[in-house]
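Notes follow once the structure below has been shown.
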There are 2 protein chains.
Amino acid sequence: MIKTILLKHRPEGKPTVSDFEFTTEDKDTELTLQDGEVLLEAVYVSVDPYLRGRMSDAKSYVPPFELNQPIQSGVVAKVLDSKNDSFKKGDFVSGMLDWKTQQVSNAEGLTKVDPSKAPLSAYLGILGMTGLTAFTGLTEIGKPKEGETIVVSGAAGAVGSVVGQIAKIYGLHVIGIAGTDEKVDLLQSKFGFDAGINYNTTEDMAAAIAAAAPNGVDIYFDNVGGPISDAVLVNINQFARIIICGAISVYNNTEAPKSLSVQPFLVKNSALMQGFIVSNYAAKFPEAISQLATWLAEDKLTYSETIVKGFDNIPNAFIDLFEGKNKGKMIVEI
Amino acid sequence: MIKTILLKHRPEGKPTVSDFEFTTEDKDTELTLQDGEVLLEAVYVSVDPYLRGRMSDAKSYVPPFELNQPIQSGVVAKVLDSKNDSFKKGDFVSGMLDWKTQQVSNAEGLTKVDPSKAPLSAYLGILGMTGLTAFTGLTEIGKPKEGETIVVSGAAGAVGSVVGQIAKIYGLHVIGIAGTDEKVDLLQSKFGFDAGINYNTTEDMAAAIAAAAPNGVDIYFDNVGGPISDAVLVNINQFARIIICGAISVYNNTEAPKSLSVQPFLVKNSALMQGFIVSNYAAKFPEAISQLATWLAEDKLTYSETIVKGFDNIPNAFIDLFEGKNKGKMIVEI
């Protein structure tokens with residue numbers, strides 16, 4: 001039996017399980033491959049905050065998901081059958097695929113991945129979009145220089161924890177912001193951040209950041225937006241670079257949120273704030289993957305995953321992202 | 001008698017005349033020049049919104065003015081006496097000088113200006129900081145491309161009106177925002193903008209901008225901040241560039257202002273927002289001045305000035321900037 005998850009309703013505010021619909025087809029449904037096609041079985045499915053944007057029909061950088069059609073995200077799959085010379089039965093691939101237990105693909109955008117070099121789930125994380133996002137966002141917009149100070153929000157998340165580690169490799173003073181004491185501990189004990197701040201228990205975030213960053217903030221890698229970002233903004237230095245990688249704190253808002261006006265801070269500090277979408281930097285991916293794999297092999301990078309089991313749990317795993325229930329990359333094992 | 005204007009109080013909110021103090025010295029006060037010094041008589045004094053920032057003691061890109069000390073701004077002055085080989089009696093110079101009818105300068109940062117090439121006041125405007133700000137902000141951050149759409153706020157102001165004209169030279173669709181019908185008329189009749197919007201009489205600014213920019217907004221040259229900028233933000237295109245040149249609408253706020261959260265707009269459009277301080281681009285000035293002078297000679301650029309007469313009126317002219325009483329560059333003729 002093949003299961004599929006469709007977008008039933010566009011979420012209003014926080015997504016709920018009723019926004020999704022499961023359908024099943026009998027396994028003997030004809031799956032006859034055309035030339036060039038492969039038959040795939042999902043092994044790991046990535047759930048990511050940015051998918052929330054595609055569930056709305058607002059104008060954005062990628063078209064919205066269509067109602068009553070399968071949702072797509074990063075997936076690692078096993079090749080069950082192939083009429084494509086680049087892939088053979090038993091290979092593993094990664095790519096943007098439907099939330100579906102089995103599917104036929106024309107192989108466009110698929111990349112073969114090697115389970116002997118890294119665990120398969122890593123290809124959805126540190127050696128996939130997560131690692132690429134952290135590396136290219138930090139280097140291309142952040143332009144880190146030894147001795148500078150960086151603040152990372154969503155620091156215990158998939159991207160944030162990698163950003164902090166890369167920043168340490170570059171010799172920066174690294175401060176992470178996260179939402180539980182356990183996560184803040186992890187930042188320092190596991191990921192080597194210099195300091196961590198729990199935004200849920202800190203009354204004056206601006207003062208806490210100032211204390212952790214005595215030389216001010218040169219780079220801010222922003223995954224969250226909202227009041228946390230306001231508190232960073234008041235601490236930026238001349239020529240600060242702010243990478244807007246995500247704004248998870250406001251994705252579920254039904255009205256356009258208000259924050260501190262950034263313009264006066266940017267102008268008085270000649271600071272830069274830039275929206276970052278990893279797909280715009282595809283030309284840098286080969287170099288980035290190679291660098292990340294090297295650091296991983298040298299044990300200079302580590303990563304966290306939260307692996308949820310079962311295809312049926314994909315919607316809940318996605319919803320849990322907005323509760324901060326994941327540590328690092330959230331992945332569903334099929 | 002030599003008159004000087006000192007900063008008496010740091011303004012709270014909008015500056016008032018009581019924030020300034022006039023002092024006088026007898027003319028026979030010793031003005032003995034040392035080697036390298038020049039004795040200058042102010043001819044034109046520039047008043048600019050950014051001076052408001054220096055009147056506060058907040059951390060900024062230039063140190064704040066000191067209390068009970070002269071205020072400084074761009075000044076064109078006549079050399080009354082000189083012990084400096086680069087300047088002789090009767091020359092005209094421009095530079096950052098005290099609000100003082102006569103003063104001794106060590107000549108650092110002074111530039112000789114030629115009254116036969118352009119009116120002396122132009123060296124405080126289109127051939128001075130105003131023109132340099134418009135040109136380098138637009139080209140270095142805005143990176144204009146033929147056929148794109150630009151919105152300019154504070155469009156009838158000194159910088160804004162030049163930005164729009166340069167954008168037209170580069171082949172852009174140019175929309176200006178200003179605060180009176182008279183200014184909006186000027187944008188089109190005098191400065192060649194394609195469209196103008198009066199923010200004081202337009203109920204739905206976001207809709208008005210959308211109507212004037214059917215292809216969306218690629219560049220926003222922002223002089224004002226606040227709600228006007230919010231209305232532009234919702235209309236930006238993929239890869240939009242936003243030059244934060246000023247935020248006059250909030251300079252007088254006593255509390256940090258709130259606006260629409262920019263982060264979601266920047267991330268979904270891969271857009272850039274950068275604070276712009278002209279002095280960071282000094283290396284580009286010779287090329288910029290040469291280009292501006294060429295365009296001026298070819299009648300491709302025109303400019304407006306509001307010239308107020310009398311040294312005693314400097315504070316009022318400065319205060320009037322925040323009421324939008326100037327058209328183009330506000331200058332005081334001594």
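Letters A, B, ... are given to chains in the order of the sequence lines, protein chains preceding strands, and every chain is numbered from 1.
Of the atoms belonging to A/F265, not a single heavy atom falls under 4.5 Å from chain B.
The two residues B/K258 and A/S261 make their nearest non-hydrogen contact at C-OG, 3.7 Å. Closest of all the heavy-atom pairs between A/V267 and B/C245 is CG2-O, 3.6 Å.
With rounding to the nearest 0.5 Å, the separation of CD in B/Q263 from CG in A/D230 is 7.0 Å.
Side chains of A/M273 and B/L272 form no contact here, defined as non-hydrogen atoms less than 4.5 Å apart. No side-chain heavy atom of B/L266 sits less than 4.5 Å from a side-chain heavy atom of A/F276.
More than 12 heavy atoms of other residues, nucleotides or ligands shown are found within 6.0 angstrom of CD on A/E323.
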